[in-house]
Amino acid sequence: MSKDAITKDFEAAVGADNVMTSETDRHAYSYDAAVLDSVMPALVVRPTTSEALGKATKLCNDNGLPLTVRGAGTNLSGGTIPHPGGVVVLTNGLNRILEINEEDMYAVVEPGVVTAKFAAEVAKRGLFYPPDPGSQTVSTLGGNVAENAGGLRGLKYGVTKDYVMGMDFWDVNGELVKSGSRTVKCVTGYNLAGLMVASEGTLGVFDKIILKLIPPAQSAKSMMAIFPSMKAASETVAAIIANKIVPATLEMMDNFTIRTVENFRGAGLPVDAAALLLIEVDGHPAQVADEAAKVEDLCRKNGATELKVAKDAAERDAVWQARRDALPALAKLKPTCVLEDATVPRSKIPAMIEALDEISKKFDLTIGTFGHAGDGNLHPTILTDKRDKKEWERVEHAIDEIFDRALALGGTLSGEHGIGMAKSKYLEQETSRATLEYSRRMKSVLDPKGILNPGKIIGPKSEG
Amino acid sequence: MADIHKLAQMFQELDDQLVGCMRCGMCQAVCPVFAQTGREADVTRGKLALLDGLAHEMLSDAEGVNEKLNRCLLCGTCQSNCPSGVKIMDIFLKARAIMTGYFGLSPVKRAIFRGMLKNPKLFNALTDMGAKFQGLFTKKVDDLLGSSCARFNAPVIGDRHFRTLAEKPLHKLVPALDTPAGKSGIRVALYVGCVIDKMFPHVGQSIIKVLERHGVGVFMPSGQACCGIPALSSGDTETFDSLVGINMERFGTGEFDYLVTGCATCTSTIKELWPRMYQGPSAQKYDIAALERKTMDISQFLVDILKLEPKDATGGKSVTYHDPCHLKNALGITAQPRTLIKAAGCGFKEMAEAGVCCGCGGSFNIAHYELSREIGGRKAENIVASGAGTVATSCPACMLQITDMLSRKKAGVDVKHVIELYADGC
Ligand SMILES: Cc1cc2nc3c(=O)[nH]c(=O)nc-3n(C[C@H](O)[C@H](O)[C@H](O)COP(=O)(O)OP(=O)(O)OC[C@H]3O[C@@H](n4cnc5c(N)ncnc54)[C@H](O)[C@@H]3O)c2cc1C
Ligand code: SF4
Ligand code: SF4
Ligand code: SF4
């Protein structure tokens, strides 16, 4: 079919206003938040109804057009960089919260609902949706599910997958597949909704998503502990968990990050400290008091030189502001900022920190490290200028080595940012040849023409 | 078409600033244009990517990029929230200048900027004449707001509910002032700005009245020119330079402690853009940086320098406040206007999203009226929902836009400048 005829078909399916063909519009969908080269799509469509989303999917398949679904385009692994000649399907026109059920504590949403807006609506009804990725003010719930996004509360409250109760999604033929239910328990059929989590747009196009809600904690206490070494800080993390305390959040910052954040906001962080832990416990007031005291005690026993407990909401906010400032502050230092999310078992954090130190020296690079110490999810952040070709080569080698070391320590390639294009080449290294084969076979049956986000996660087909 | 390669080279000069965008997409949360359209080319990240595409010759449709670039209020909200600290306003203004250099200025803009703005006397004469004849073309729609709409089908006016030109502009009512410092021991220069002069002379009079009341000497020279923002945001740096030059001639030599304005847009233009973007000859003759340091919003002057304090409201009006982008985003001023409202004895009611742009954006309102109206419509809803009988702000351009939106809704809410409330009492 001619290009014009195809465009007409898409216009009929989603409405003429919702089809973008101009060079400028297409260029604006050629990238995402990953530091990778951009690729222009042939067409961008923005369905505003569930039916239109299904029709757009079918049209892509019928015409053999590569389809890349895009939420807010904030993923850091190239998951929404289109395939050459492909179609970008935007979900931000599908942004209705269809139901918040207070009695049964679940919600039904369209995939383009912005995470923070949803969390705020839920909070208004006295309920709680915990997954809070750093990008939550813009990221979409569909994108969160497709990346299995996690946030500061991952340690105690889990990540997005722990809240997906069910989902309707479009298969490549434009048929609606239903999985899961509005009940807490459900073993009807395969756990297809589970299969969709972290599938990064390669297995189906999400339509409605059913999310679990929980009651919010009654009270919380936050504190900041200062340590003379990263080792002492990470041993404290291990000790807290070993004492059967699961804080809501347990975050770590290295000296470089502390200094950068302090330069940025001047909030009075200890610039000499080798490491900082930011800890919050929450729950029933009595339990919070008890756990906070225990955590304080453990921090001191493990060598904390100073401990500040937030007395009120304002002080508590200040603690979390310091953490939220980490990325912006680092990002201002150099033009390009590569944020990795290699994750290791908690006990291996000191070893991983040491490895990062060696890597930064070996490749002569500036790396700031902060992250979710409680779940072993570190964010080594390489500061560079992509235009400096020589340095960029060193960056690429350093990234390879970061993953080598993380895997050697029994860790994983990605705690939360996904595989996309950026890390698909390492997938076999973490899993096995058979895993890759199995995944490719499964994909080839569900998506025989290979139109769903080709090249992501399991890499190009030709390698198989 | 002219050589795209040449255009690319000009954009290359922006590269050092463009590369600071890490494409995190966080600007999607704050951009009012994106909030309406949901299109990436309408949000900062998209616009920066388009400029980057032009610079690296990945794009050929320069006109298309220019069109997207102009779908922007220049409200600065993205810049004040950008985690990477990208100097977005600098980039956008420079890019517009490059584009205008490349495509040329449109005939209409050329006539307005170079024919009229550049010549304050002519500008005044033309608008004076306009004020006399406008009754022929317009009819009153809302007495409270004093708004009118077009009697005939006029393309630029469309179906706007606008404020007509004042019968007597400020430069007729008070041609010039030069009074010594009174009991305060302070003397200020008053920069009026076009919109206050020609549409809201009462705001100007209120400023003068308040300054006199507090024993502040006023230096208000005649022949002031426009601050230059309309020209600059259309990429016409030539007109901008000449306007700054005229104003520096008027103010550059005066003896005063502060320069105050009642227009958020003028304040931010004088403080942020005169020193950074001016490239004319006055730079050697006058100290623009010194003037920049002296420049203040009127409420900032009254609260920070004269130390006005809030009063207990005693049955006065209930008032809500809209933060003009050019005060909040560019200069970080949000507390002082609210304090001034309370100092006037009004009851204060905070509205939702007070800091979100009203959608005016100067010529944006003319070029993209539909979008501007959608953004403004939401502002009007928030104003009404606050339950206040009056909405105050610190930017006459915002007053125009908000008047249009409220008049259209027949909301029965009055629009005032904060200084009017303080001058006239609540
Ligand atoms: C500043 C910053 C901070 C971040 N912090 C975190 C963090 O703390 N934790 C974290 O986990 N991540 C974080 N991220 C990464 C990113 O924001 C998350 O992965 C987020 O879930 C992506 O959501 P999105 O709507 O932008 O999805 P997109 O980037 O648009 O898409 C992501 C993937 O989902 C697929 N997809 C989207 N919608 C659908 C759908 N309806 N059906 C099928 N597939 C779909 C896309 O094809 C793509 O593969 C951060 C990113 C930034 C820029
Ligand atoms: S917030 Fe700043 S760095 Fe992030 S995409 Fe927007 S302009 Fe770029
Ligand atoms: S200046 Fe305002 S309208 Fe323009 S891109 Fe930034 S936030 Fe959007
Ligand atoms: S007039 Fe409206 S657009 Fe202009 S600065 Fe004021 S708020 Fe922003």
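Sequence lines set the chain letters: A, B, ... in the order given, protein chains first and strands last, and positions in each chain run from 1. Only heavy atoms go into these numbers, but all of them, side chains included; no hydrogens, no water, no symmetry mates.
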>> According to salt bridge (charged side-chain N to carboxylate O under 4.0 Å, His left out), who are the partners of B:Glu353, at least two apart in sequence or on a separate chain?
In response: B:Arg378
>> I need the residue from B:Val30, B:Asp61, B:Val86, B:Val19 with the largest number of non-hydrogen atom pairs under 4.5 Å to chain A.
In response: B:Val19
> Any chance CD of B:Glu309 has more than 12 other-residue heavy atoms, nucleotides or ligands included, within less than 6.0 Å?
Replying inline: no
> With a 3.5 Å cut-off and no angle check, do the side chains of B:Asn329 and B:Thr77 form a donor-acceptor pair?
Replying inline: yes
> What residues form a ring-ring contact (aromatic ring centres under 6.0 Å, His included) with B:Phe34, not counting sequence neighbours?
Replying inline: none
> Considering residues at least two apart in sequence or located in another chain, which fulfil the salt bridge (charged side-chain N to carboxylate O under 4.0 Å, His left out) criterion with B:Arg23?
Replying inline: B:Asp52
>> For B:Cys82, which atoms come within 4.5 Å of any heavy atom of chain A: side chain, backbone, both, or neither?
In response: backbone
> Looking at A:Tyr31, is A:Arg70 sitting on its ring face, NZ or CZ under 6.0 Å from the six-membered ring centre and within 45 degrees of the normal?
Replying inline: yes
> A:Asn95 versus chain B, heavy atoms under 4.5 Å apart: side chain, backbone, both or neither?
Replying inline: neither
>> For a side chain to side chain donor-acceptor pair (under 3.5 Å) check, start with the C-alpha distance between A:Thr115 and A:Ser139, then their side-chain angles and the critical distance, and finish with the verdict.
In response: CA-CA 6 Å; A:Thr115 316; A:Ser139 74; 2.8 Å; yes
> What parts of residues 10-17 of chain B touch chain A if we use heavy atoms and a cut-off under 4.5 Å?
Replying inline: B:Asp15, B:Asp16
